[in-house]
Amino acid sequence: GIKMKGNSKAYNWNDLLAKRVVNDKIGEIPVLIFLESDLVSFHAWKREAKRRILDFAKDSTGNYFKDKQTNSTWNNNGNAIDGELKGVSLESVPVYQEYWRSWKTFNPNTEVWRVEVGH
């Protein structure tokens with residue numbers, strides 16, 4: 001799950017495994033969650049760079065991700081390594097892996113992210 005500025009959201013691990021890249025919002029803050037190709041390591045960042053909100057998808061290798069606005073390639077550290085935004089870094093967001101029961105106990109008003117049908 002992620003907690004930011006009084007808002008919290010939980011993500012089902014099986015849904016993350018299926019999607020690998022999640023473009024979402026916590027409250028009004030646009031966030032990106034990326035599950036690495038090892039299917040264990042994951043990261044979260046604010047998905048805003050140079051005053052633009054970016055939408056991401058995994059690249060053809062599955063090891064990196066690309067933003068749809070500039071087609072820049074990003075690595076697992078949230079750094080653009082190729083394209084228009086090369087050299088730009090996304091701001092990291094603390095993300096926690098916990099069992100649902102534990103998360104819900106400490107974050108009773110949490111929102112639950114749902115996979116959109118057909119996406």
Side-chain angles (χ1 to χ4, degrees):
I2 297 176
K3 295 189 287 189
M4 298 179 70
K5 298 191 179 198
N7 297 297
S8 64
K9 191 174 276 191
Y11 299 82
N12 180 292
W13 187 254
N14 292 322
D15 292 339
L16 289 177
L17 285 171
K19 293 289 282 182
R20 299 255 333 267
V21 176
V22 173
N23 295 283
D24 199 15
K25 282 186 171 185
I26 308 295
E28 294 301 314
I29 302 169
V31 296
L32 163 68
I33 300 172
F34 179 70
L35 181 63
E36 290 188 32
S37 58
D38 66 6
L39 304 181
V40 175
S41 306
F42 63 100
H43 312 277
W45 301 276
K46 289 184 181 177
R47 57 184 176 93
E48 186 175 346
K50 296 204 170 197
R51 296 185 175 159
R52 294 160 75 175
I53 295 173
L54 304 173
D55 296 302
F56 293 91
K58 62 185 170 190
D59 75 346
S60 60
T61 70
N63 295 316
Y64 301 98
F65 49 100
K66 290 186 172 254
D67 71 80
K68 296 176 182 178
Q69 287 71 18
T70 71
N71 204 37
S72 297
T73 302
W74 302 77
N75 67 16
N76 297 335
N77 294 317
N79 301 317
I81 57 172
D82 190 34
E84 180 183 327
L85 296 177
K86 183 176 181 177
V88 172
S89 297
L90 299 173
E91 183 181 336
S92 182
V93 170
V95 60
Y96 308 93
Q97 185 174 11
E98 295 183 32
Y99 288 106
W100 171 243
R101 188 173 300 169
S102 173
W103 180 265
K104 186 70 172 166
T105 297
F106 292 100
N107 302 281
N109 297 319
T110 200
E111 184 180 350
V112 177
W113 178 76
R114 303 276 184 222
V115 175
E116 295 178 30
V117 177
H119 291 92

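Counting begins at 1 with the first residue of the sequence.
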Start with the C-alpha gap between I33 and D24, add the side-chain angles, then the distance that decides, and say whether side chain to side chain contact (heavy atoms under 4.5 Å, CB included) holds. CA-CA 8 Å; I33 300 172; D24 199 15; 5.9 Å; no
Does N7 form a side chain to side chain contact (heavy atoms under 4.5 Å, CB included) with K25? I'd like the steps, not just the answer. CA-CA 10 Å; N7 297 297; K25 282 186 171 185; over 6 Å; no
Minimum-distance pair of heavy atoms, taken over all atoms of G62 and S37: O-CB, 3.9 Å
Could you report the tightest heavy-atom contact between L35 and S41, atom names first, then the distance? CD1-O, 3.3 Å
Roughly how far apart are [X] [atom1] and [Y] [atom2], rounded to 0.5 Å?
X    : Y   : atom1 : atom2 : value
K5   : E28 : NZ    : CD    : 11.5 Å
L85  : L54 : CG    : CG    : 6.5 Å
T73  : N63 : OG1   : CG    : 11.5 Å
N109 : S8  : CG    : OG    : 7.0 Å

Restricting to pairs with a member in residues 38-51, which pass salt bridge (charged side-chain N to carboxylate O under 4.0 Å, His left out), not counting sequence neighbours? K46-E91, R47-D55
Name all pairs fulfilling the salt bridge (charged side-chain N to carboxylate O under 4.0 Å, His left out) condition that reach into residues 57-74, sequence neighbours left out, sorted by first residue then second.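 Passing the test, one end in residues 57-74: no pairs.
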Could you name each residue pair satisfying ring pair (Phe, Tyr, Trp, His ring centres under 6.0 Å) that touches residues 7-27, not counting sequence neighbours?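 Every pair satisfying ring pair (Phe, Tyr, Trp, His ring centres under 6.0 Å) with a residue in residues 7-27: Y11-W113, W13-F42.
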Which residues satisfy the side chain to side chain donor-acceptor pair (under 3.5 Å) test with [X], sequence neighbours excluded?
X   : result
S72 : T70
Q97 : none
S92 : none
D82 : none

Linking Ile, Leu, Val, Met, Phe, Trp and Tyr by side-chain heavy atoms under 4.5 Å, what else ends up with [X]?
X    : result
W100 : Y96, W103, V112
I53  : none
I81  : Y64

Hey, are the side chains of V95 and H43 touching, using non-hydrogen atoms and a 4.5 Å cut-off? no
Heavy atoms, side chains only, cut-off 4.5 Å: are W74 and L90 in contact?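 Yes, side chains in contact.
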Could you walk me through whether L39 and R20 pass side chain to side chain contact (heavy atoms under 4.5 Å, CB included), step by step? CA-CA 8 Å; L39 304 181; R20 299 255 333 267; 3.5 Å; yes
Run L16 and V22 through side chain to side chain contact (heavy atoms under 4.5 Å, CB included) and show every step you take. CA-CA 8 Å; L16 289 177; V22 173; 3.7 Å; yes
So, the side chain of [X] versus the backbone of [Y]: is there a donor-acceptor pair under 3.5 Å, distance only?
X    : Y    : answer
N77  : N79  : no
T105 : R101 : yes
D15  : A18  : no

Hey, quick one: are [X] and [Y] part of the same hydrophobic cluster, counting side-chain heavy atoms closer than 4.5 Å, chains of contacts allowed?
X   : Y   : answer
L17 : F56 : no
L32 : M4  : no
V21 : V31 : no

Parallel, tilted or perpendicular: which fits the ring planes of F65 and F34, with parallel below 30° and perpendicular above 60°? tilted
Residues in salt bridge (charged side-chain N to carboxylate O under 4.0 Å, His left out) with E36, at least two apart?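 Scan of E36 (salt bridge (charged side-chain N to carboxylate O under 4.0 Å, His left out), adjacent residues dropped) gives none.
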E111: partners by salt bridge (charged side-chain N to carboxylate O under 4.0 Å, His left out), with sequence neighbours left out: K9
